[in-house]
Amino acid sequence: MAKLAKLDDIVSLCKRRGFIYQSSEIYGGLASCYDYGPLGSELKRNIRNAWWKHVVQMRDDVVGLDCSILMHPMVWKASGHADKFADLVTVCQKCGTRSRVDHLADAQGRSEEHTEHIDLETAESKAQDLSRKVCPACGAVGQFSQPMAFRLMFETRMGANIEDTMTVFLRPETAQGIFVNFRNVLDSTRVKIPFGIAQTGKSFRNEVTTKAFIFRTREFEQAELEFFCKPGTDEEWFEHWKQERFQWYLTYGIRKENLRFREHAKDELAHYAKACVDIEYKFPFGSGDWQELEGIANRTDYDLRQHQRGIRTMNDWYEKKGDLSKITLKEEAEDYQKGPLAYFDEETRERYVPYVIEPSAGIDRSLLAFLVDAYDEEQVRGEQRNLLRFHPALAPVKAGIFPLVKKDGMPEIAMNLYRDLKKYFAVFYDEKGAVGRRYRRQDEAGTPFCVTVDGQTKEDSTVTIRHRDSMEQVRVHLDQVKNYLLEKLEL
RNA sequence: GCGGGCGUAGCUUAAUGGUAAAGCCCCAGCCUUCCAAGCUGGUUAUGCGGGUUCGAUUCCCGCCGCCCGCUCCA
């Protein structure tokens with residue numbers, strides 16, 4: 001099976017077929033931002049819908065949510081993003097190489113423990129003494145500049161009046177919107193633990209470096225589920241969602257040999273996480289090939305408890321006039337188990353703060369994986385046939401509708417069929433040129449079926465339905481075309 | 001941000017200090033009764049800006065963007 005070798009080929013395919021363009025291209029582009037074209041936007045929406053179908057629609061224990069991107073700044077104080085979502089970086093003044101402070105080793109080869117997501121002030125004080133640290137690039141000792149912090153959240157101003165605006169942040173993850181609505185969902189939907197809340201949407205991170213086309217960008221779309229469960233049952237739910245999410249990628253066509261789990265080592269875990277596993281795909285770029293598609297984490301009760309602290313800190317917010325850097329989160333109450341974000345189990349009469357299992361997927365990088373995995377080239381009668389073997393549910397266009405030739409009443413019949421089918425799913429009408437050419441064009445767009453009206457149609461009202469992968473055709477009565485396709489499409 | 005590589009039609013490539021060439025694609029028409037057929041015609045390019053020059057796509061500078069590595073992460 002032929003395979004795309006390089007990322008360049010994928011980029012070229014995406015542009016040629018209208019999947020993905022460089023953002024603001026006519027102005028020279030904007031780094032790491034991309035636009036989805038006609039086929040890409042359909043594909044992306046289908047992926048989002050497929051996720052929603054399996055994570056929300058088909059389950060009894062998950063409900064949906066769609067939060068605003070801008071949220072109260074205190075959300076990010078409580079979540080830790082406002083203080084901690086930053087890396088401390090220093091520059092070697094001898095060779096100009098940038099290094100993360102926590103990655104530097106001293107002359108004895110010892111390095112600091114992993115300080116990611118540790119409070120910024122703590123990290124700064126710990127990092128004061130760089131005099132014995134060695135530059136990994138040139139070997140110079142103690143030649144480092146004052147460490148700089150990089151705020152990884154995008155900031156903007158809310159309020160039109162310049163005198164009276166507030167700094168707000170573009171969310172760096174969709175998860176917090178779910179946590180802050182935990183109470184609302186509990187009070188309005190009669191859900192009972194265990195249950196989950198899911199949402200998809202854009203998130204923004206000022207990454208130091210972006211990478212590999214749409215794989216890591218500063219603006220990206222997430223599909224996140226926060227599944228709330230009773231402490232003690234968290235490990236089995238973690239396992240459940242691990243299997244569930246892995247299977248989802250297989251269901252929608254990712255080949256098994258290109259997918260794997262990678263467990264996070266203990267020292268790699270964020271401080272609030274009890275366990276974390278990545279689902280990785282073998283991408284045709286980068287040094288390691290295997291790259292993360294989705295992370296599944298056991299976040300314990302950390303987030304809800306943090307927001308209980310946040311709520312208690314609101315007086316400070318007003319007193320310090322919204323200056324997050326001057327606000328310190330209040331310690332949580334002794335009886336935090338009875339706090340506003342706790343859950344009361346009617347059956348066992350217990351009150352507790354639930355644990356959270358979080359499967360967090362990147363829609364854009366999933367799309368890239370589906371695209372790469374579906375791409376195929378094969379030889380047909382000495383000609384190369386390019387095709388995208390998308391799962392029918394993901395395919396941007398479900399069926400091409402053609403008259404075999406542009407005469408003898410065939411276009412009229414085909415057009416009527418087209419008008420009927422487009423009410424149910426995405427179809428494409430084409431009558432130009434040879435039919436073989438039209439078939440091949442649809443192959444390259446990943447369209448799973450083509451319906452052709454031919455000379456026999458006027459005699460017995462049957463048409464041919466041609467399958468993308470096998471190129472085989474079956475005759476189906478005009479009245480049955482819709483049902484035939486609906487069944488095959490697994491919509 | 002740093003280091004390395006790169007930037008000519010939609011794509012893949014050519015060429016040049018003096019009218020930027022081709023194949024594929026695309027569009028229109030003719031012809032076509034099942035897998036990129038043929039004929040005719042047509043659209044489209046030197047990433048942006050500055051400098052040197054009579055003249056710059058070519059030489060120089062700056063910027064922008066892309067790829068690889070460091071780093072980071074959904």
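Proteins come first, then strands; the chains are lettered A, B, ... in the order of their sequence lines, and each starts at number 1. Values below: every heavy atom of this structure, side chains too, minus hydrogens, waters and symmetry copies.
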### Query
Across all strands, who's sitting opposite B:C59 as a Watson-Crick or G-U wobble pair, both distances under 3.5 Å?
B:G51
### Query
Would A:Arg245 count as a cation-pi partner of A:Trp248, with NZ or CZ less than 6.0 Å from the six-membered ring centre and within 45° of the ring normal?
yes
### Task
Find the distance A:Arg171:CZ to B:A74:C1' and express it as a whole number of Å.
13 Å
### Query
What's the closest nucleotide to the A:Tyr34 side chain, out of B:C34, B:C67, B:G29?
B:C67
### Query
Using the rule for Phe, Tyr, His and the six-membered ring of Trp, do A:Phe220 and B:A74 stack at under 5.5 Å and under 30°?
yes
### Query
Checking all strands, does A:Gly455 fall into the base, sugar-phosphate, or nothing category for heavy-atom contacts under 4.0 angstrom?
base
### Message
Looking at B:U32, I'd like to know if its phosphate oxygens (OP1 or OP2) sit under 4.0 Å from a side-chain N or O belonging to A:Lys407.
### Response
yes
### Summary
Rounded to whole Å, the CD-P distance (A:Glu226 to B:A74) equals 12 Å
### Task
Report yes or no: is there a donor-acceptor pair, N or O only, under 3.5 Å between the side chain of A:Arg437 and the base of B:C35?
no
### Task
Calculate the interatomic distance between A:Asp278 atom CG and B:C72 atom P; express it in whole Å.
14 Å
### Task
Remember a base hit wins even if backbone is also touched, and classify A:Asp408 as base, sugar-phosphate or nothing at under 4.0 Å, heavy atoms.
base
### Whole angstrom value for the distance that separates P of B:U33 from CZ of A:Arg438
12 Å
### Any-strand Watson-Crick or G-U partner of B:C11, both distances under 3.5 Å
B:G23
### Query
Roughly, in whole Å, what's the span from CD in A:Gln291 to P in B:A74?
13 Å
### Message
I'd like to know if A:Tyr27 reaches the base of B:C48 with its side chain, counting only an N/O donor and acceptor under 3.5 Å.
### Response
no
### Task
Looking at every strand, decide which applies to A:Ser203 at a 4.0 Å heavy-atom threshold: base, sugar-phosphate, or nothing.
nothing
### Task
Name the pairing partner of B:G38, where a pair is Watson-Crick or G-U wobble with both distances under 3.5 Å, or state none.
B:C30
### Task
Between B:A74, B:C34, B:U32, spot the one nearest the side chain of A:Lys406, thanks.
B:U32
### Query
Between A:Ser470 (side chain) and A:Glu472 (backbone), is there a donor-acceptor pair under 3.5 Å?
yes
### Query
Per the side-chain contact (heavy atoms from CB on, under 4.5 Å) rule, which among A:Asp234, A:Leu304, A:Thr300 passes with A:Pro354?
A:Leu304
### Task
Check whether NZ of the Lys or CZ of the Arg A:Arg466 lies under 6.0 Å from the centre of the six-membered ring of A:Tyr439 and within 45 degrees of that ring's axis.
yes
#### Entry: Intermediate values then yes/no, salt bridge (charged side-chain N to carboxylate O under 4.0 Å, His left out), A:Asp454 and A:Arg475
CA-CA 11 Å; A:Asp454 59 17; A:Arg475 286 208 83 86; 3.0 Å; yes
#### Entry: Of A:Glu294 and A:Gly29, the one whose closest RNA chain B nucleotide lies more 5'
A:Gly29
### Sugar-phosphate, base or nothing in reach of A:Ser23, heavy atoms under 4.0 Å
nothing
### Query
Taking atom P of B:A36 as reference, at what distance in whole Å does atom CD of A:Glu383 sit?
6 Å
### Interatomic distance, A:Leu13 CG vs B:C67 C1' [rounded to whole Å]
17 Å
#### Entry: Watson-Crick or G-U wobble mate for B:G69, both contacts under 3.5 Å
B:C2
### Candidates B:C34, B:U33, B:C27 - which lies nearest the side chain of A:Val405
B:U33
### Query
Whole-Å distance between B:A45 P and A:Arg16 CZ?
20 Å
### Message
Work out how far the C1' atom of B:A22 is from that of B:A9, and round it to whole angstrom.
### Response
11 Å
### Task
For A:Leu30 and for A:His264, locate the closest nucleotide of RNA chain B by heavy-atom distance; then report the residue assigned to the nucleotide nearer the 5' terminus.
A:Leu30
### Salt bridge flag under 4.0 Å for residues A:Asp430 and A:Arg441
yes
